[in-house]
2 protein chains.
Amino acid sequence: MNQNLQYIQSLINHINKDVTLDEAGIEKLSSILVFKDLNKKEFLIEPGQTANTMNFIAQGCMRSYYLDENAQEHTLQLGIEEWWINDLYSYLSRKKSRMYVQALEKTTLVQLPRIVLETLFIEVPEISNFFRLKIQSAYVAVQERVIDSMSDDAYERYISFRKTYRDIEQRVPQYIIASYLGVTPEFLSYLRKKHS
Amino acid sequence: MNQNLQYIQSLINHINKDVTLDEAGIEKLSSILVFKDLNKKEFLIEPGQTANTMNFIAQGCMRSYYLDENAQEHTLQLGIEEWWINDLYSYLSRKKSRMYVQALEKTTLVQLPRIVLETLFIEVPEISNFFRLKIQSAYVAVQERVIDSMSDDAYERYISFRKTYRDIEQRVPQYIIASYLGVTPEFLSYLRKKHS
DNA sequence: GAAAAAACTTAAGCTATCTTAAGAAGCGAA
DNA sequence: TTCGCTTCTTAAGATAGCTTAAGTTTTTTC
């Protein structure tokens, strides 16, 4: 039983939720995929590197975060199976990343290298459409976060985090959730107790 | 002297900073432009409407904002001459906007309606590239804002606002700047005094 | 399965920011 | 030029969220 074939199938199903790939498209897509395994705590990207793949999580759990001037961690993105993870800024602008992209569990990624992906966009426009939609929803998600950070207090943000990341909450340490919400771990602990 | 010709020229110069338009491209672009005048405080978009143009500010000053559950205003974007203003979420997703997009001064916009713009993308790929770059930098700007809101206190955000919006700061009331920074007008006033 | 490391909780004291309220200043329209 | 409306300031009291520090629980490693 080839595990990788299952991962490819999972990627194709995922893409087919938004666009319709024909057999030829599936064939071409499959031919460019790269598999990458990461151990727990291993980094996919570190500051100074440039993101040059799109990364689909086939198995495992990842996050992206950065360190501020006081060496505080701030988590920007979390993902598990069938989510995408990247420093989209670095990937799109081709500039060096300021982020860490890290595995929180033993993880397998299905990667699409930018150079071949861009050729594929011409041959299989559905795939181009798919990624346009993805980038659009990345924009929407990050704008949503700006809005929430201005309208909601920490507890409200925690509740809406639990809605958005229902399946992820159980799999990541609480101090990472705190660093996503923009509060200290102590304060998140306090909030959970207060409202329980 | 045709004022509108000047505005078209300004748009073309602006686009030419990022891509190279040939004569035919300029011609085609010019043919789809629509001019729109707004009085001070007039709305371009209100909640429930759908954004279906890209809007280049030829003259004047605009902002986008939304109201939270407590009817507090939160400013998301500000712009003056040669900036773009929109609810990009609504424009891209074609869903109803939750935003107000409003003129802060008497303003003239040069508008590019989505339907003809998308046809133009096929005929003049440079224009498609230009807007891809714009959407990319919109993403980067919003992500920057998430990062700043987590790393910086209100005074640091105010300082970096003044850098980013140097020419805009003088033209908009302070309570709008406060609503952009995510603080009360009283607190911004206090910060300005304290550090002066 | 014990020891070490990582994550979580609790609590006290502190700081940033908000709320409310009132007055001052600036600006636009008649 | 004045009146009315909008914006800005000041200040006192309240609250959300932070810091530090210590102790507890859970997870990882050998």
Side-chain angles (χ1 to χ4, degrees), chain A residues 38-42 60-61 63 65 67-75 78 100 102-107 148-162 168-196, chain B residues 39-42 60-61 63 65 67-75 78 100 102-107 146 148-162 168-196:
Chain A
L38 294 165
N39 286 320
K40 185 167 178 173
K41 299 201 177 172
E42 197 177 340
C61 182
R63 72 155 166 163
Y65 69 97
L67 296 181
D68 71 17
E69 323 82 67
N70 307 313
Q72 293 297 122
E73 288 182 8
H74 297 280
T75 299
L78 288 166
Y100 296 88
Q102 184 190 35
L104 299 178
E105 303 173 359
K106 198 169 184 331
T107 294
D148 288 352
S149 80
M150 294 204 294
S151 319
D152 298 350
D153 67 18
Y155 186 68
E156 291 171 316
R157 294 198 312 272
Y158 175 55
I159 293 304
S160 91
F161 171 89
R162 297 178 64 170
I168 297 188
E169 198 200 347
Q170 279 72 16
R171 287 167 67 172
V172 310
Q174 214 166 284
Y175 77 88
I176 289 182
I177 297 177
S179 88
Y180 179 96
L181 296 173
V183 298
T184 58
E186 294 85 354
F187 189 57
L188 178 54
S189 177
Y190 161 79
L191 287 178
R192 283 162 53 87
K193 179 168 194 208
K194 179 175 155 196
H195 291 91
S196 65
Chain B
N39 287 319
K40 185 168 177 173
K41 300 199 175 176
E42 197 177 341
C61 183
R63 72 155 166 162
Y65 69 96
L67 296 181
D68 71 17
E69 325 79 69
N70 308 312
Q72 292 296 122
E73 287 182 9
H74 298 281
T75 298
L78 289 166
Y100 295 87
Q102 183 190 38
L104 298 177
E105 303 174 357
K106 199 169 182 328
T107 294
V146 171
D148 288 353
S149 80
M150 294 204 293
S151 319
D152 299 350
D153 69 16
Y155 187 67
E156 291 171 316
R157 292 196 316 271
Y158 176 55
I159 294 303
S160 91
F161 171 88
R162 296 178 64 169
I168 296 187
E169 198 199 349
Q170 279 71 16
R171 285 166 69 172
V172 310
Q174 212 165 284
Y175 76 88
I176 288 182
I177 297 177
S179 87
Y180 179 97
L181 296 173
V183 298
T184 58
E186 294 84 355
F187 189 57
L188 179 55
S189 178
Y190 161 79
L191 288 176
R192 284 163 51 89
K193 181 171 193 204
K194 178 175 156 196
H195 291 90
S196 66

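Convention: sequence-line order gives letters A, B, ...; per-chain numbering from 1.
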Value in whole Å for how far the [atom2] atom of [N] lies from [atom1] of [X]:
{"X": "A:Ile177", "N": "C:dT9", "atom1": "CD1", "atom2": "P", "value": "11 Å"}
{"X": "A:Lys194", "N": "C:dT9", "atom1": "NZ", "atom2": "C1'", "value": "16 Å"}
{"X": "A:Glu105", "N": "D:dT27", "atom1": "CD", "atom2": "P", "value": "13 Å"}
{"X": "A:Gln174", "N": "D:dT25", "atom1": "CD", "atom2": "P", "value": "16 Å"}
{"X": "A:Leu104", "N": "D:dT27", "atom1": "CG", "atom2": "C1'", "value": "15 Å"}
{"X": "A:Glu169", "N": "C:dA7", "atom1": "CD", "atom2": "C1'", "value": "15 Å"}
{"X": "B:Tyr175", "N": "C:dC18", "atom1": "OH", "atom2": "P", "value": "18 Å"}
{"X": "B:Leu181", "N": "C:dA16", "atom1": "CG", "atom2": "P", "value": "17 Å"}

Any idea how B:Phe161 and B:Tyr158 line up, ring-wise: parallel (<30°), tilted (30 to 60°), or perpendicular (>60°)?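 It falls in the parallel class, under 30°.
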
Got a sec: does the OH of A:Tyr190 have more than 12 other heavy atoms crowding it under 6.0 Å?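 Open: at most 12 neighbouring heavy atoms sit under 6.0 Å from OH of A:Tyr190.
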
Quick check: are there more than 12 heavy atoms from other residues, nucleotides or ligands sitting under 6.0 Å from OH of A:Tyr155?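 Yes.
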
Residue met sooner reading DNA chain D from 5', once B:Tyr190 and A:Leu191 are mapped to nucleotides: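 It is B:Tyr190 whose nearest nucleotide is closer to the 5' end.
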
B:Pro185 vs A:Gly182, nearer the 5' end of DNA chain D by closest nucleotide: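 It is B:Pro185, whose closest nucleotide lies nearer the 5' terminus.
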
Options [options], nucleotide nearest the side-chain atoms of [X]:
{"X": "A:Thr184", "options": "C:dT9, C:dA7, D:dC18", "value": "D:dC18"}
{"X": "B:Asp153", "options": "D:dT10, D:dT7, C:dT17", "value": "C:dT17"}
{"X": "A:Lys41", "options": "C:dA6, C:dT10, D:dA11", "value": "C:dA6"}
{"X": "A:Glu186", "options": "C:dC18, C:dA7, D:dA21", "value": "D:dA21"}
{"X": "A:Phe187", "options": "D:dA16, D:dC8, C:dA11", "value": "D:dA16"}

Do A:Leu67 and A:Glu73 have side chains that approach each other closer than 4.5 Å (heavy atoms only, starting at C-beta)?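 With C-beta onward as the side chain, the pair touches.
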
Tell me whether the side-chain N/O atoms of A:Lys40 come closer than 4.0 Å to OP1 or OP2 in D:dT28.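 Yes, such a contact exists.
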
How do B:Arg157 and A:Val172 order along DNA chain C: which one's closest nucleotide is nearer the 5' end?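 Per heavy-atom nearest nucleotide, the more 5' residue is A:Val172.
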
Given B:Ile177, which of B:Val183, B:Val172, B:Thr75 fulfils the side chain to side chain contact (heavy atoms under 4.5 Å, CB included) condition?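 Per the side chain to side chain contact (heavy atoms under 4.5 Å, CB included) rule, the option paired with B:Ile177 is B:Val172, out of B:Val183, B:Val172, B:Thr75.
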
